[in-house]
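Here the structure is laid out as structure tokens; the discussion comes afterwards.
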Amino acid sequence: MDLRLDGKVAFVTGASKGIGRSVAEHLAREGSDVVITARNAEPLAAAAEKIAAETGRAVLPLTGDMSVTTEVQRCVDATLERFGQIDILVTCAGSSPGGLLEDLTEEQWMSSLNLKFMGYVRSVRAVIPHMRERGEGAIVLVVGNDGTGYALTPSTPAR
């Protein structure tokens, strides 16, 4: 598939493993240079090395915690310094604990909201001024499906 991404720069959060890594690999195969972020340096560096070797694209690994505003901005600034542009933002950082609402602690909810929801907000806010200035860009927010929902009805016993 040719997505016409030659010369584009993609910034992918949570890209040392899972969905984020897969997204980064696909974007690089389609011709994008890729910046990948994650909290842990070792798996991030391994992912960058493998993606670069398999695709021939420039891959910049940046260790950063998307739950910390200054780290998000530092990663975006480093990307702009290296490549001069960000054309694509894909947010995949973090995972939320699955389960039923009443089984999760308030601390689990707050940690998840800070990384998943607010991390996505921080990333978008950091790239929007650059994309607006250039007059173009694409933002994709990836959300998993670990949550479980249910409705209580007369025929459904409470758990």
Side-chain angles (χ1 to χ4, degrees), residues 1-98 106-147:
M1 175 185 302
D2 183 4
L3 298 177
R4 298 185 208 149
L5 298 181
D6 289 331
K8 302 291 185 185
V9 176
F11 184 96
V12 184
T13 69
S16 65
K17 60 185 178 179
I19 295 170
R21 181 172 174 161
S22 181
V23 166
E25 289 171 357
H26 285 287
L27 290 169
R29 281 191 197 105
E30 289 293 329
S32 290
D33 291 325
V34 182
V35 176
I36 60 174
T37 69
R39 290 181 282 190
N40 298 312
E42 192 172 306
L44 185 65
E49 186 177 314
K50 186 170 190 250
I51 294 168
E54 289 178 357
T55 66
R57 302 305 310 172
V59 181
L60 175 63
L62 296 173
T63 304
D65 185 341
M66 299 299 108
S67 69
V68 179
T69 302
T70 56
E71 292 196 29
V72 173
Q73 192 61 56
R74 176 184 52 78
C75 290
V76 168
D77 291 345
T79 300
L80 294 172
E81 184 176 315
R82 167 81 181 271
F83 294 105
Q85 66 193 55
I86 297 174
D87 301 290
I88 303 161
L89 167 65
V90 182
T91 60
C92 300
S95 62
S96 298
E106 186 170 331
E107 291 76 24
Q108 287 173 308
W109 277 102
M110 294 309 293
S111 176
S112 182
L113 286 169
N114 188 38
L115 178 57
K116 291 294 286 181
F117 179 72
M118 289 307 299
Y120 288 19
V121 169
R122 289 179 192 102
S123 299
V124 170
R125 289 179 66 168
V127 302
I128 280 179
H130 171 72
M131 288 181 173
R132 274 203 181 118
E133 183 178 298
R134 294 186 68 230
E136 63 183 354
I139 297 173
V140 179
L141 309 176
V142 177
V143 180
N145 62 349
D146 252 353

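- The two atoms that bring Ala126 and Gln73 nearest to each other are CB-OE1, 3.6 Å, heavy atoms only.
- In this structure, the side chains of Ile36 and Glu25 stay at 4.5 Å or more apart for every pair of heavy atoms.
- Looking at residues two or more places apart in sequence or on another chain, you find a salt bridge (charged side-chain N to carboxylate O under 4.0 Å, His left out) between Glu136 and Arg134.
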Go through the steps to decide whether Leu141 and Lys116 satisfy the test side-chain contact (heavy atoms from CB on, under 4.5 Å), and finish with yes or no. CA-CA 10 Å; Leu141 309 176; Lys116 291 294 286 181; over 6 Å; no
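- Take Arg57 and apply the salt bridge (charged side-chain N to carboxylate O under 4.0 Å, His left out) test, not counting sequence neighbours, and it matches Asp33.
- Take Glu54 and apply the salt bridge (charged side-chain N to carboxylate O under 4.0 Å, His left out) test, not counting sequence neighbours, and it matches Arg29, Lys50.
- Summarising the geometry, atom OG belonging to Ser67 is positioned 14.5 Å from atom CZ belonging to Phe117; distances are rounded to the nearest 0.5 Å.
- Contact check for Leu27 versus Val90: side-chain heavy atoms found under the 4.5 Å cut-off.
- Under a 3.5 Å cut-off, the side chain of Ser123 and the backbone N or O of Gly119 do form a donor-acceptor pair.
- Note that CE of Met118 is 10.0 Å distant from CE of Met110, once rounded to the nearest 0.5 Å.
- The two residues Ala38 and Ala15 have their closest heavy-atom pair at CB-N, 4.5 Å.
- Once rounded to the nearest 0.5 Å, the distance linking OG1 of Thr79 with CZ of Arg82 reads 9.5 Å.
- The environment of CG in Asp6 is crowded: more than 12 heavy-atom neighbours from other residues, nucleotides or ligands sit within 6.0 Å.
- Atom CE of residue Met131 and atom CD1 of residue Ile139 lie 5.0 Å apart, to the nearest 0.5 angstrom.
- The CG atom of Leu60 lies 4.0 Å from the CG atom of Leu62; values are rounded to the nearest 0.5 Å.
- Minimum interatomic distance between Phe83 and Val35 (heavy atoms only, all atoms of both residues): CE1-CG2, 3.6 Å.
- Heavy-atom minimum distance, Cys92 versus Val142: SG-CG2, 3.7 Å.
- Within the 3.5 Å criterion, the main-chain N or O of Ile51 finds a donor-acceptor partner in the side chain of Thr55.
- With rounding to the nearest 0.5 angstrom, the CG atom of Asp65 is 9.5 Å from the CG atom of Asn40.
- Proximity of a side-chain donor or acceptor of Glu30 to a complementary backbone N or O of Leu5 within less than 3.5 Å is not detected.
- The side-chain heavy atoms of Arg39 and Leu115, taken from C-beta on, include a pair separated by under 4.5 Å.
- At distances below 3.5 Å, not a single donor-acceptor pair connects side-chain atoms of Ser16 with backbone N or O atoms of Pro43.
- In terms of heavy atoms, Met66 sits closest to Ala93 at CG-CB, 3.9 Å.
- With hydrogens and angles disregarded, no donor-acceptor distance shorter than 3.5 Å links the side chain of Thr37 to the backbone of Thr63.
- Contact between His130 and Ile86 at its shortest, heavy atoms only, is NE2-N, 2.9 Å.
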